[in-house]
Chemist: 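Sending over a structure as structure tokens; questions will come in a sec.
In what follows, every chain begins at residue 1, and chains take the letters A, B, ... in the order their sequences are listed.
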Amino acid sequence: MLDQRLVRDNPDSIAKELGRRGKAVDLTRLQLIAQQQRNLEETRSSLQAEGNRIGKEVGQRIKAGADPQGDDVAELRKQGNSIKQKVAVLEEEEKLLTTQLKEQLLTFPNLPSPDCPEGKDETDNIELRRWGTPREEKGLEEHWQIAERLKLFDTERSVRIAQSRFVTLMGQGARLERGLINFMLDLHTSKGYCEVLPPVLVNTASLTGSGQLPKFADESFRCAEDDLWLTPTAEVPVTSLHRDEIIPSDQLPLRYAAYSPCFRREAGSYGRDTRGLIRLHQFNKVELYWFAHPDQSAEAHQQITADAEAVLQELELPYRVIELCTGDLGFSARRTYDLEVWLPGAGAYREISSCSVCGDFQARRSSIRTKEGKATKLVHTLNGSGLAVGRTMAAILETGQQPDGSIRLPKALIPYVGLEQLEPK
RNA sequence: GGAGAGGUGGCCGAGUGGUCGAAGGCGCAGCACUGGAAAUGCUGUAUAGGGGCAACUCUAUCGAGGGUUCGAAUCCCUCCCUCUCCGCCA
């Protein structure tokens, strides 16, 4: 959420910064609401001050022995009543404006960081670096072909169980997925991350706090009978882990590694990535999340990205790091690095992790603060996939394929899967 | 699902109509004591939004929303949530 003070005092510069995302933004109406709201607050509160003064005086006089039914007390009561009525009218107007202001503020995306490169869409993203040597020989299979051959998962039967875009991992496939989750969590916790296994049903306040609501309601699955939604990412429950809290500054940064299944409606992606593990309504993900002191968030962003990269490096999966331009930035992000893993079968880099610094955007929505001396300030939040498990499996299958049709597993993963390689059964 | 209890500051916990933003404790910070520390003592320490260069000051907030009153943490109504016991259940 944007800072309402900034909107009130510097609407033009805020509009300009938001405009870097590619769409012109007009804040004049919002600024007017904010201004009116503040004016009303001023009159209302000074009126209330007068009312409080009268109330106290009545109490004092009665205590001092005045007749509670006497004329002078009655006169004060009358004044009190008249103020009360005026305040009631003002309060109603003010409440309306406050609600409007809040509602509006929640619909604006975060301000891009000044360091975020300008651009209109993904074609303007910038490749920062590459790691590893991609396999580029011809005739390699795509992961879903391998999976079919090795019977790692069943998509057709999953339609029977649920719908399209669901997958049932079976046999070695299920085992590999489980091994990957354990491997990732072990790697992160060995570096000091606190492991989290959160609820995957989350309430509206949680989704609003991390930025999915109110704008992206159609992207999430909702439980009709309850105020609960299926979480689209562990980022949501982990943000709300500290919602409405003040975190002592000596505890920062708090670093969490949360495994959760993730649920996305993928509205508007008909026909894209219909085969395999790339785009599903339900997938597994290990998410890294930091609550950081505002002064530390830039470094934290480098670190969280490095921690995500470490998973790919340990798994010997070639990848590249992309910096998103302003036009491709997510709603809550100020700056984002995407990790794209090389899929030899598909012959393409695919996003496998997105590491974002959100500044105080989520912290303001979720009211997560820290204390520094006397001052209370909003913390900064960061998130990064470490990693999307299904896509990781796809990369391992495509990268590890050997001439005899078996799949070599990365060394680091062998103890987790209990197999040297995957073979047709 | 049935019965009961309760929601107060960073935490615990008092407070049933008047200067209560709220006793006391814990925690935290500063100071004193000390060679240094512990212990002890003193002082300070809620959040949000206004106004002011600042000192400071105003308003709101005791789960949420209404009501009674000149005045509500305290009384009334509605709702939400949490806990305990019973039932059911992985």
Side-chain angles (χ1 to χ4, degrees), chain A residues 1-10 30-106 197 199-206 208-209 223 225-229 237 240-252 254 261 291 293 360 363-379:
Chain A
M1 190 165 68
L2 301 177
D3 183 351
Q4 66 176 78
R5 242 173 309 196
L6 285 179
V7 172
R8 200 169 56 216
D9 300 338
N10 302 304
L30 191 59
Q31 198 251 350
L32 191 73
I33 294 174
Q35 194 62 54
Q36 286 176 337
Q37 187 272 338
R38 186 181 54 175
N39 293 343
L40 268 174
E41 179 177 336
E42 274 181 56
T43 8
R44 190 218 72 222
S45 69
S46 62
L47 214 52
Q48 277 176 325
E50 176 63 11
N52 288 343
R53 199 192 56 75
I54 291 172
K56 277 183 188 165
E57 200 175 326
V58 172
Q60 275 165 352
R61 289 203 191 178
I62 292 174
K63 223 174 199 173
D67 174 8
Q69 306 307 325
D71 282 351
D72 50 344
V73 172
E75 172 59 25
L76 284 172
R77 282 199 177 133
K78 217 174 102 189
Q79 286 178 26
N81 265 321
S82 123
I83 286 174
K84 195 161 69 169
Q85 278 164 20
K86 285 185 203 158
V87 168
V89 174
L90 292 176
E91 252 179 351
E92 202 165 326
E93 277 179 66
E94 190 187 340
K95 209 154 130 190
L96 193 74
L97 288 173
T98 309
T99 317
Q100 279 181 5
L101 182 63
K102 182 84 195 287
E103 273 172 7
Q104 285 286 308
L105 282 171
L106 285 173
L197 192 65
V200 295
L201 291 183
V202 298
N203 56 34
T204 298
S206 297
T208 307
C223 303
E225 303 295 323
D226 303 281
D227 176 35
L228 289 170
W229 309 63
S240 278
L241 205 53
H242 291 290
R243 179 149 49 84
D244 296 321
E245 280 188 28
I246 297 175
I247 303 168
S249 61
D250 60 2
Q251 286 180 20
L252 295 177
L254 290 171
F291 296 88
H293 188 280
D360 62 16
R364 183 173 291 106
R365 287 171 160 252
S366 300
S367 188
I368 307 170
R369 295 144 294 165
T370 188
K371 197 95 182 208
E372 200 173 43
K374 281 200 124 182
T376 309
K377 39 168 99 173
L378 296 165
V379 301

Chemist: So what's rC88(B) paired with, Watson-Crick or G-U wobble, going by both distances under 3.5 Å?
Modeler: none
Chemist: Judged by modelled atom types alone, do T208(A) and R365(A) share a side-chain donor-acceptor pair under 3.5 Å?
Modeler: no
Chemist: Using purine N1 to pyrimidine N3 plus N6-O4 or O6-N4 for Watson-Crick, or N1-O2 and O6-N3 for G-U wobble, each under 3.5 Å, what pairs with rC53(B)?
Modeler: none
Chemist: How would you label the contact of K84(A) with the nucleic acid (heavy atoms, under 4.0 Å): base, sugar-phosphate, or nothing?
Modeler: base
Chemist: Provide the distance between the two C1' atoms, one in rG25(B) and one in rU8(B), to the nearest whole Å.
Modeler: 15 Å
Chemist: May I ask you to verify whether the side chain of Q60(A) and the base of rU19(B) hold a donor-acceptor pair under 3.5 Å?
Modeler: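 Indeed there is one.
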Chemist: Could you tell me how far rG52(B) sits from rC70(B) if I compare only their P atoms? Round to whole Å.
Modeler: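 Nearest-Å result for rC70(B) against rG52(B) at atom P: 35 Å.
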Chemist: Would you indicate what L76(A) reaches in the nucleic acid, counting non-hydrogen atoms under 4.0 angstrom: base, sugar-phosphate, or nothing?
Modeler: nothing
Chemist: Look at the side-chain N and O atoms of S45(A) and state whether any lies under 4.0 Å from the OP1 or OP2 oxygen of rG50(B).
Modeler: no
Chemist: May I have the distance from I246(A) (atom CD1) to rU45(B) (atom P), rounded to whole angstrom?
Modeler: 16 Å
Chemist: Considering residues, nucleotides and ligands other than D71(A), do more than 12 of their heavy atoms fall under 6.0 Å from its CG?
Modeler: no
Chemist: Please give the distance between the P atoms of rU82(B) and rA64(B) as a whole number of Å.
Modeler: 16 Å
Chemist: Using purine N1 to pyrimidine N3 plus N6-O4 or O6-N4 for Watson-Crick, or N1-O2 and O6-N3 for G-U wobble, both under 3.5 Å, which nucleotide pairs with rU68(B)?
Modeler: none
Chemist: If you take all heavy atoms of L228(A) and N203(A), which pair is closest and at what distance?
Modeler: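 Closest approach of L228(A) to N203(A), heavy atoms only: CD2-N, 4.0 Å.
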Chemist: Can you tell me the pairing partner of rA5(B) across any strand shown, Watson-Crick or G-U wobble, with both distances under 3.5 angstrom?
Modeler: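 When the pairing criteria are applied, rU82(B) turns out to be the nucleotide that pairs with rA5(B).
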Chemist: Please report the distance separating the P of rC31(B) from the corresponding atom of rA37(B), rounded so that it comes out in whole Å.
Modeler: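 Result for the P pair: 11 Å, nearest Å.
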Chemist: By nearest atom, which of the nucleotides rC70(B), rG65(B), rG49(B) is closest to the K95(A) side chain?
Modeler: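 The answer is rG65(B), which lies nearest to the side chain.
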Chemist: Of Q37(A), R38(A), K102(A), which meets side chain to side chain contact (heavy atoms under 4.5 Å, CB included) against Q4(A)?
Modeler: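 Option passing the side chain to side chain contact (heavy atoms under 4.5 Å, CB included) with Q4(A): Q37(A).
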Chemist: Using a heavy-atom cut-off of under 4.0 Å over every strand shown, decide if R8(A) touches base, sugar-phosphate, or nothing.
Modeler: sugar-phosphate
Chemist: A side-chain contact here means heavy atoms from C-beta on lying under 4.5 Å apart; do K56(A) and R53(A) qualify?
Modeler: no
Chemist: Can you check the R364(A) CZ to rA48(B) P distance for me, whole Å?
Modeler: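 After rounding, the reported distance stands at 11 Å.
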Chemist: If I take atom CG in residue D227(A) and atom P in nucleotide rC80(B), what distance separates them, rounded to the nearest angstrom?
Modeler: 12 Å
Chemist: Checking S240(A) side chain against P237(A) main chain: does a donor-acceptor pair fall under 3.5 Å?
Modeler: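 No: the side chain of S240(A) does not pair with the backbone of P237(A).
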Chemist: Roughly how many Å apart are rG71(B) and rU61(B), using the P atom of each and rounding to a whole number?
Modeler: 13 Å
Chemist: Does the structure show a Watson-Crick or G-U wobble partner for rC28(B), both distances under 3.5 Å? Name it, or say none.
Modeler: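 Matched rC28(B) with rG44(B) under the 3.5 Å cut-off.
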Chemist: Roughly how far apart, to the nearest Å, are rG9(B) and rC62(B) at atom C1'?
Modeler: 9 Å
Chemist: Which is true for I83(A) with a 4.0 Å heavy-atom rule: it touches a base, it touches only sugar-phosphate, or it touches nothing?
Modeler: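 Since no nucleic acid heavy atom lies under 4.0 Å of I83(A), the category is nothing.
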Chemist: Just the rounded figure in Å: distance from P of rG18(B) to CZ of R77(A).
Modeler: 15 Å
Chemist: Counting the atoms with a prime plus P, OP1 and OP2 as sugar-phosphate, which does S367(A) contact under 4.0 Å by heavy atoms, base, sugar-phosphate, or nothing?
Modeler: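 Answer is nothing: S367(A) stays at 4.0 Å or more from every strand.
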Chemist: How far does the P atom of rC11(B) sit from the matching atom of rC28(B), given to the nearest Å?
Modeler: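 Straight-line distance between the two P atoms is 15 Å.
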Chemist: Closest nucleotide of RNA chain B for K377(A) versus for E50(A): which of these residues is on the 5' side?
Modeler: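 This one resolves to K377(A).
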Chemist: Closer than 4.0 Å, any side-chain N/O of K371(A) to the OP1 or OP2 of rG9(B)?
Modeler: no
Chemist: For rU19(B), what is the paired nucleotide under Watson-Crick or G-U wobble rules, both distances under 3.5 Å?
Modeler: none
Chemist: Which atom names give the shortest non-hydrogen contact between I83(A) and G51(A), and what distance separates them?
Modeler: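 Closest heavy-atom pair between I83(A) and G51(A): CD1-N, 3.9 Å.
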Chemist: Using a 6.0 Å cut-off, check whether atom CD of E92(A) has over 12 heavy atoms from anything other than its own residue.
Modeler: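 No.
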Chemist: Closest to the Q4(A) side chain: rG49(B), rU59(B), rC70(B)?
Modeler: rG49(B)
Chemist: Separation of E41(A) atom CD from rA48(B) atom P, in whole Å?
Modeler: 14 Å
Chemist: For D3(A) and for I62(A), locate the closest nucleotide of RNA chain B by heavy-atom distance; then report the residue assigned to the nucleotide nearer the 5' terminus.
Modeler: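 The residue whose closest nucleotide sits nearer the 5' end is I62(A).
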Chemist: E42(A) near the nucleic acid: base, sugar-phosphate alone, or nothing, with a heavy-atom cut-off under 4.0 Å?
Modeler: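 If one applies the 4.0 Å heavy-atom cut-off, E42(A) turns out to touch the sugar-phosphate alone, with no base involved.
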Chemist: Could you pull out the protein-nucleic contacts involving nucleotides 60-62 of chain B (nitrogen or oxygen on both sides, under 3.5 Å)?
Modeler:
| unit_1 | atom_1 | unit_2 | atom_2 | d |
| --- | --- | --- | --- | --- |
| rA60(B) | OP2 | N52(A) | ND2 | 3.4 |

Chemist: Check the distance between rG67(B)'s P and E92(A)'s CD and give it to me in whole angstrom.
Modeler: 10 Å
Chemist: Would you mind pulling out the nucleotide paired to rA39(B), Watson-Crick or G-U wobble, both distances under 3.5 Å?
Modeler: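 Its partner: none found.
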Chemist: Shortest non-hydrogen contact from P248(A) to T370(A)?
Modeler: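 Scanning both residues, the minimum pair turns out to be C-OG1, 3.8 Å.
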Chemist: Of E94(A), E93(A), E91(A), which is the lone residue that meets side-chain hydrogen bond (donor to acceptor under 3.5 Å, both in side chains) with R44(A)?
Modeler: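 When side-chain hydrogen bond (donor to acceptor under 3.5 Å, both in side chains) is applied between R44(A) and each of E94(A), E93(A), E91(A), only E94(A) qualifies.
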Chemist: When you compare rG6(B) with rG63(B), how far apart are their P atoms, in angstrom units rounded to a whole number?
Modeler: 13 Å
Chemist: Nearest whole angstrom, please: distance from the P of rG49(B) to the CZ of R38(A).
Modeler: 13 Å
Chemist: Give the rounded distance in Å between these two atoms: CG of L378(A) and P of rG49(B).
Modeler: 9 Å
Chemist: Looking at rC62(B), which nucleotide sits across from it as a Watson-Crick or G-U wobble partner, both distances under 3.5 angstrom, or is there none?
Modeler: none
